[in-house]
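For ligands, and for the atoms within them, numbers begin at 1 and follow the listed sequence.
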Amino acid sequence: MAKLPPLGRRPFLKMHGLGNDFVIFDARTQSLRLNYDVVRRVSNRLTGIGCDQLIVMEPSNRADVFMRIYNQDGGEVGACGNASRCVATLVGHACTIETRGGLLSATPDGASSATVDMGAPRFGWDEIPLAYPMDTLAMPVAWEGLANPAGVNVGNPHAVFFVSDLAANDLHTLGPKIEHDPLFPERVNVDVALVQDRQTILLRVWERGAGLTLACGTGACATAAAAIRRGLTDRRVTVHLPGGPLTIEWTTDNRLLMTGGVATAFTGEVDLDAYAG
Ligand SMILES: N[C@H](CCC[C@H](N)C(=O)O)C(=O)O
(Lines give C-alpha, C1' and ligand atoms only; values in the text may rest on other atoms or scores of the structure.)
Protein backbone atom coordinates (compact mmCIF):
# COMPACT_ATOMS: atom_id res chain seq x y z
CA MET A 1 0.00 0.00 0.00
CA ALA A 2 1.52 3.33 -1.11
CA LYS A 3 2.76 5.47 1.82
CA LEU A 4 0.33 8.36 2.38
CA PRO A 5 1.52 11.98 2.55
CA PRO A 6 1.09 13.48 6.07
CA LEU A 7 -2.65 13.63 6.80
CA GLY A 8 -2.52 16.02 9.75
CA ARG A 9 -5.21 16.87 12.28
CA ARG A 10 -8.67 17.07 10.72
CA PRO A 11 -12.07 18.11 12.08
CA PHE A 12 -14.83 15.50 11.68
CA LEU A 13 -18.52 15.11 12.37
CA LYS A 14 -20.06 12.00 13.91
CA MET A 15 -23.55 11.76 12.37
CA HIS A 16 -26.17 9.09 11.91
CA GLY A 17 -29.34 8.29 10.04
CA LEU A 18 -31.58 6.21 12.33
CA GLY A 19 -28.52 4.86 14.15
CA ASN A 20 -26.58 3.94 10.97
CA ASP A 21 -23.55 5.98 11.93
CA PHE A 22 -20.81 7.81 10.06
CA VAL A 23 -17.56 9.65 10.59
CA ILE A 24 -17.69 12.50 8.05
CA PHE A 25 -14.71 14.58 6.87
CA ASP A 26 -15.43 17.73 4.87
CA ALA A 27 -12.61 17.85 2.31
CA ARG A 28 -14.30 20.27 -0.09
CA THR A 29 -11.66 22.96 0.52
CA GLN A 30 -8.71 20.89 1.79
CA SER A 31 -8.17 17.58 -0.01
CA LEU A 32 -7.90 14.36 2.01
CA ARG A 33 -6.70 11.05 0.53
CA LEU A 34 -7.23 8.03 2.82
CA ASN A 35 -6.26 4.41 2.32
CA TYR A 36 -7.72 1.08 3.36
CA ASP A 37 -5.72 0.83 6.60
CA VAL A 38 -6.59 4.34 7.82
CA VAL A 39 -10.29 3.82 7.03
CA ARG A 40 -10.38 0.49 8.88
CA ARG A 41 -8.59 1.87 11.95
CA VAL A 42 -10.67 5.06 12.20
CA SER A 43 -13.93 3.10 11.63
CA ASN A 44 -13.09 0.39 14.16
CA ARG A 45 -15.17 0.83 17.31
CA LEU A 46 -12.36 -0.46 19.57
CA THR A 47 -9.26 1.20 18.10
CA GLY A 48 -10.79 4.27 16.50
CA ILE A 49 -13.69 6.71 16.52
CA GLY A 50 -15.98 3.94 15.24
CA CYS A 51 -18.69 4.00 12.55
CA ASP A 52 -20.54 1.83 10.03
CA GLN A 53 -19.26 3.94 7.15
CA LEU A 54 -16.60 6.66 6.78
CA ILE A 55 -17.59 9.51 4.45
CA VAL A 56 -15.36 12.13 2.75
CA MET A 57 -17.06 15.14 1.13
CA GLU A 58 -15.01 16.25 -1.88
CA PRO A 59 -15.41 18.83 -4.65
CA SER A 60 -17.21 17.68 -7.81
CA ASN A 61 -17.33 19.22 -11.28
CA ARG A 62 -20.81 17.80 -11.98
CA ALA A 63 -22.58 18.09 -8.62
CA ASP A 64 -22.59 20.21 -5.47
CA VAL A 65 -20.43 17.62 -3.73
CA PHE A 66 -18.75 14.25 -4.33
CA MET A 67 -19.54 11.83 -1.50
CA ARG A 68 -16.83 9.17 -1.13
CA ILE A 69 -18.16 6.19 0.84
CA TYR A 70 -16.05 3.63 2.69
CA ASN A 71 -17.48 0.68 4.58
CA GLN A 72 -16.11 -0.14 8.04
CA ASP A 73 -14.06 -2.95 6.42
CA GLY A 74 -12.18 -0.34 4.36
CA GLY A 75 -13.85 -1.03 1.01
CA GLU A 76 -15.06 1.91 -1.11
CA VAL A 77 -18.68 1.53 -2.32
CA GLY A 78 -21.16 3.27 -4.57
CA ALA A 79 -24.09 4.28 -2.39
CA CYS A 80 -25.14 5.03 1.16
CA GLY A 81 -28.69 6.26 1.60
CA ASN A 82 -28.53 7.32 5.23
CA ALA A 83 -25.24 9.16 4.73
CA SER A 84 -26.69 10.94 1.66
CA ARG A 85 -29.29 12.53 3.94
CA CYS A 86 -26.57 13.59 6.41
CA VAL A 87 -24.47 15.14 3.61
CA ALA A 88 -27.54 16.98 2.26
CA THR A 89 -28.05 18.67 5.63
CA LEU A 90 -24.33 19.63 5.68
CA VAL A 91 -24.61 21.20 2.20
CA GLY A 92 -27.57 23.04 3.69
CA HIS A 93 -29.82 23.40 0.64
CA ALA A 94 -31.37 21.36 -2.16
CA CYS A 95 -28.34 19.83 -3.86
CA THR A 96 -26.90 17.19 -6.16
CA ILE A 97 -24.56 14.56 -4.72
CA GLU A 98 -22.17 12.61 -6.94
CA THR A 99 -21.24 9.12 -5.77
CA ARG A 100 -19.48 6.19 -7.46
CA GLY A 101 -22.93 4.66 -7.84
CA GLY A 102 -24.48 7.62 -9.64
CA LEU A 103 -25.77 11.18 -9.32
CA LEU A 104 -28.38 11.84 -6.62
CA SER A 105 -30.50 14.87 -5.78
CA ALA A 106 -31.33 15.63 -2.18
CA THR A 107 -33.40 18.14 -0.23
CA PRO A 108 -32.75 18.73 3.46
CA ASP A 109 -35.72 19.65 5.66
CA GLY A 110 -34.02 21.59 8.44
CA ALA A 111 -31.15 19.81 10.21
CA SER A 112 -33.01 16.69 11.26
CA SER A 113 -34.56 15.25 8.09
CA ALA A 114 -33.95 15.03 4.36
CA THR A 115 -35.33 13.47 1.20
CA VAL A 116 -32.97 11.86 -1.32
CA ASP A 117 -33.86 10.84 -4.86
CA MET A 118 -31.87 7.60 -5.13
CA GLY A 119 -32.67 7.28 -8.86
CA ALA A 120 -34.06 4.27 -10.68
CA PRO A 121 -33.63 0.75 -9.26
CA ARG A 122 -31.96 -1.78 -11.58
CA PHE A 123 -32.91 -5.44 -11.79
CA GLY A 124 -30.79 -6.97 -14.55
CA TRP A 125 -28.77 -9.99 -13.36
CA ASP A 126 -25.60 -8.28 -14.69
CA GLU A 127 -26.56 -4.99 -12.99
CA ILE A 128 -26.85 -6.42 -9.48
CA PRO A 129 -24.34 -7.96 -10.43
CA LEU A 130 -24.64 -11.74 -10.34
CA ALA A 131 -22.01 -14.19 -11.55
CA TYR A 132 -24.39 -15.71 -14.14
CA PRO A 133 -27.85 -15.06 -15.69
CA MET A 134 -30.82 -15.62 -13.38
CA ASP A 135 -34.36 -14.38 -12.75
CA THR A 136 -33.89 -11.54 -10.23
CA LEU A 137 -37.54 -11.22 -9.20
CA ALA A 138 -37.25 -14.46 -7.21
CA MET A 139 -33.79 -15.94 -7.55
CA PRO A 140 -33.79 -19.78 -7.51
CA VAL A 141 -31.28 -19.97 -4.63
CA ALA A 142 -31.44 -20.53 -0.86
CA TRP A 143 -29.22 -20.39 2.21
CA GLU A 144 -30.92 -22.51 4.87
CA GLY A 145 -34.12 -20.65 5.86
CA LEU A 146 -33.52 -17.68 3.53
CA ALA A 147 -34.68 -18.48 0.00
CA ASN A 148 -35.63 -16.94 -3.34
CA PRO A 149 -34.44 -13.36 -2.79
CA ALA A 150 -35.07 -10.50 -5.17
CA GLY A 151 -31.93 -8.95 -6.63
CA VAL A 152 -31.85 -5.14 -6.79
CA ASN A 153 -29.16 -2.52 -7.45
CA VAL A 154 -29.76 0.98 -6.06
CA GLY A 155 -26.18 2.16 -6.56
CA ASN A 156 -25.06 -0.90 -4.59
CA PRO A 157 -26.04 -4.59 -4.67
CA HIS A 158 -28.89 -6.03 -2.55
CA ALA A 159 -30.43 -9.48 -2.04
CA VAL A 160 -33.91 -8.98 -0.54
CA PHE A 161 -35.50 -11.93 1.31
CA PHE A 162 -39.18 -11.81 2.31
CA VAL A 163 -39.99 -13.83 5.45
CA SER A 164 -42.96 -14.41 7.75
CA ASP A 165 -40.85 -14.32 10.93
CA LEU A 166 -37.92 -11.90 11.28
CA ALA A 167 -36.49 -13.87 14.20
CA ALA A 168 -36.47 -17.22 12.42
CA ASN A 169 -33.07 -16.77 10.77
CA ASP A 170 -29.74 -16.01 12.46
CA LEU A 171 -28.50 -13.07 10.36
CA HIS A 172 -25.15 -13.09 12.20
CA THR A 173 -24.46 -16.49 10.64
CA LEU A 174 -26.33 -16.30 7.34
CA GLY A 175 -25.49 -12.65 6.61
CA PRO A 176 -21.75 -13.11 6.02
CA LYS A 177 -22.35 -16.44 4.28
CA ILE A 178 -24.62 -14.76 1.70
CA GLU A 179 -22.52 -11.55 1.54
CA HIS A 180 -19.46 -13.56 0.45
CA ASP A 181 -21.21 -16.12 -1.78
CA PRO A 182 -19.50 -16.39 -5.23
CA LEU A 183 -22.93 -15.72 -6.81
CA PHE A 184 -22.22 -12.04 -5.95
CA PRO A 185 -18.94 -10.94 -7.62
CA GLU A 186 -19.09 -7.58 -5.74
CA ARG A 187 -20.47 -9.27 -2.58
CA VAL A 188 -23.96 -8.13 -1.49
CA ASN A 189 -26.04 -6.37 1.17
CA VAL A 190 -28.52 -8.84 2.72
CA ASP A 191 -32.04 -7.54 3.45
CA VAL A 192 -34.57 -9.62 5.44
CA ALA A 193 -38.07 -8.13 5.27
CA LEU A 194 -41.53 -8.83 6.68
CA VAL A 195 -44.40 -7.17 4.79
CA GLN A 196 -46.88 -6.18 7.51
CA ASP A 197 -49.46 -4.61 5.17
CA ARG A 198 -49.56 -2.77 1.83
CA GLN A 199 -47.98 0.35 3.39
CA THR A 200 -45.65 -1.19 5.99
CA ILE A 201 -42.46 -3.28 5.89
CA LEU A 202 -40.27 -4.39 8.81
CA LEU A 203 -36.61 -4.75 7.79
CA ARG A 204 -33.31 -6.05 9.15
CA VAL A 205 -30.09 -5.63 7.14
CA TRP A 206 -26.72 -7.35 7.18
CA GLU A 207 -24.62 -4.79 5.33
CA ARG A 208 -21.75 -5.66 3.01
CA GLY A 209 -18.58 -4.50 4.72
CA ALA A 210 -20.29 -3.36 7.91
CA GLY A 211 -22.46 -6.20 9.27
CA LEU A 212 -25.73 -5.74 11.14
CA THR A 213 -26.63 -2.05 11.26
CA LEU A 214 -29.49 -0.20 12.95
CA ALA A 215 -30.64 1.07 9.56
CA CYS A 216 -29.75 0.89 5.88
CA GLY A 217 -31.12 3.48 3.48
CA THR A 218 -30.27 1.63 0.29
CA GLY A 219 -31.62 -1.54 1.92
CA ALA A 220 -34.95 0.17 2.54
CA CYS A 221 -35.02 1.42 -1.07
CA ALA A 222 -34.11 -1.99 -2.54
CA THR A 223 -36.65 -3.77 -0.32
CA ALA A 224 -39.46 -1.36 -1.22
CA ALA A 225 -38.68 -1.71 -4.95
CA ALA A 226 -38.69 -5.52 -4.66
CA ALA A 227 -41.94 -5.57 -2.67
CA ILE A 228 -43.67 -3.27 -5.15
CA ARG A 229 -42.31 -5.28 -8.11
CA ARG A 230 -43.80 -8.43 -6.53
CA GLY A 231 -47.14 -6.67 -5.96
CA LEU A 232 -46.85 -6.96 -2.16
CA THR A 233 -47.18 -3.24 -1.31
CA ASP A 234 -48.32 0.14 -2.65
CA ARG A 235 -45.76 2.45 -4.32
CA ARG A 236 -45.31 4.44 -1.09
CA VAL A 237 -44.33 2.45 2.00
CA THR A 238 -42.95 3.00 5.47
CA VAL A 239 -39.97 0.76 6.16
CA HIS A 240 -39.36 0.19 9.89
CA LEU A 241 -35.74 -0.60 10.75
CA PRO A 242 -34.41 -1.21 14.28
CA GLY A 243 -33.19 2.42 14.35
CA GLY A 244 -36.41 3.96 13.07
CA PRO A 245 -38.67 4.48 10.03
CA LEU A 246 -37.91 5.53 6.46
CA THR A 247 -40.57 6.53 3.93
CA ILE A 248 -39.86 5.18 0.46
CA GLU A 249 -41.80 6.10 -2.67
CA TRP A 250 -41.17 4.55 -6.09
CA THR A 251 -42.54 7.28 -8.32
CA THR A 252 -44.38 6.56 -11.54
CA ASP A 253 -41.44 8.16 -13.38
CA ASN A 254 -39.19 5.44 -11.94
CA ARG A 255 -37.33 7.24 -9.12
CA LEU A 256 -36.89 6.00 -5.54
CA LEU A 257 -37.49 8.81 -3.03
CA MET A 258 -36.29 8.16 0.53
CA THR A 259 -37.23 10.42 3.44
CA GLY A 260 -35.96 10.06 6.99
CA GLY A 261 -34.13 11.38 10.01
CA VAL A 262 -30.65 12.84 10.35
CA ALA A 263 -28.72 13.61 13.54
CA THR A 264 -25.31 14.93 14.55
CA ALA A 265 -23.98 13.05 17.57
CA PHE A 266 -20.81 15.13 18.11
CA THR A 267 -17.93 16.89 16.36
CA GLY A 268 -14.22 16.55 17.02
CA GLU A 269 -10.71 16.67 15.64
CA VAL A 270 -8.49 13.68 14.98
CA ASP A 271 -4.77 13.26 14.24
CA LEU A 272 -5.07 10.99 11.21
CA ASP A 273 -1.33 10.32 11.08
CA ALA A 274 -1.79 8.35 14.31
CA TYR A 275 -3.89 5.93 12.20
CA ALA A 276 -1.60 5.84 9.19
CA GLY A 277 0.56 3.11 10.75
N1 LIG B 1 -22.90 -1.41 3.13
C2 LIG B 1 -23.36 -0.73 1.92
C3 LIG B 1 -23.00 0.76 1.96
C4 LIG B 1 -23.77 1.49 2.99
C5 LIG B 1 -25.24 1.32 2.81
C6 LIG B 1 -26.07 1.77 3.98
N7 LIG B 1 -25.35 2.30 5.11
C8 LIG B 1 -27.08 2.77 3.50
O9 LIG B 1 -27.54 3.61 4.29
O10 LIG B 1 -27.46 2.68 2.33
C11 LIG B 1 -22.64 -1.32 0.71
O12 LIG B 1 -21.59 -1.93 0.88
O13 LIG B 1 -23.17 -1.15 -0.38
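Under 4.0 angstrom from ligand 1, the non-hydrogen atoms of N71 all belong to its side chain. Only side-chain heavy atoms of Q53 come within less than 4.0 Å of ligand 1; its backbone N, CA, C and O stay farther off. For T218, heavy-atom contacts with ligand 1 shorter than 4.0 Å involve the backbone as well as the side chain. At a heavy-atom cutoff of 4.0 Å, ligand 1 is contacted by both the backbone and the side chain of N82. With a 4.0 Å cut-off on non-hydrogen atoms, D52 does not touch ligand 1 at all.
Taking all heavy atoms of C80, G17, A79 into account, the minimum distance to atom 3 (C) of ligand 1 is reached by A79.
Taking distance alone, with nitrogen or oxygen atoms compared against 3.5 Å, G81 approaches ligand 1 more closely than that limit. Taking any N or O of A83, backbone or side chain, none lies under 3.5 Å from an N or O belonging to ligand 1.
Checked by atom type and distance alone, the side chain of S84 pairs as donor or acceptor with a backbone atom of C80 at under 3.5 Å. Looking at D126, its side chain never comes within 3.5 Å of a backbone N or O of P129 through a donor-acceptor pair.
Proximity of C216 to ligand 1 is established by a heavy-atom distance of less than 4.0 Å.
Aromatic ring pairs are classed by plane angle as parallel below 30°, tilted from 30° to 60° and perpendicular above 60°; the pair F161 and W143 is perpendicular.
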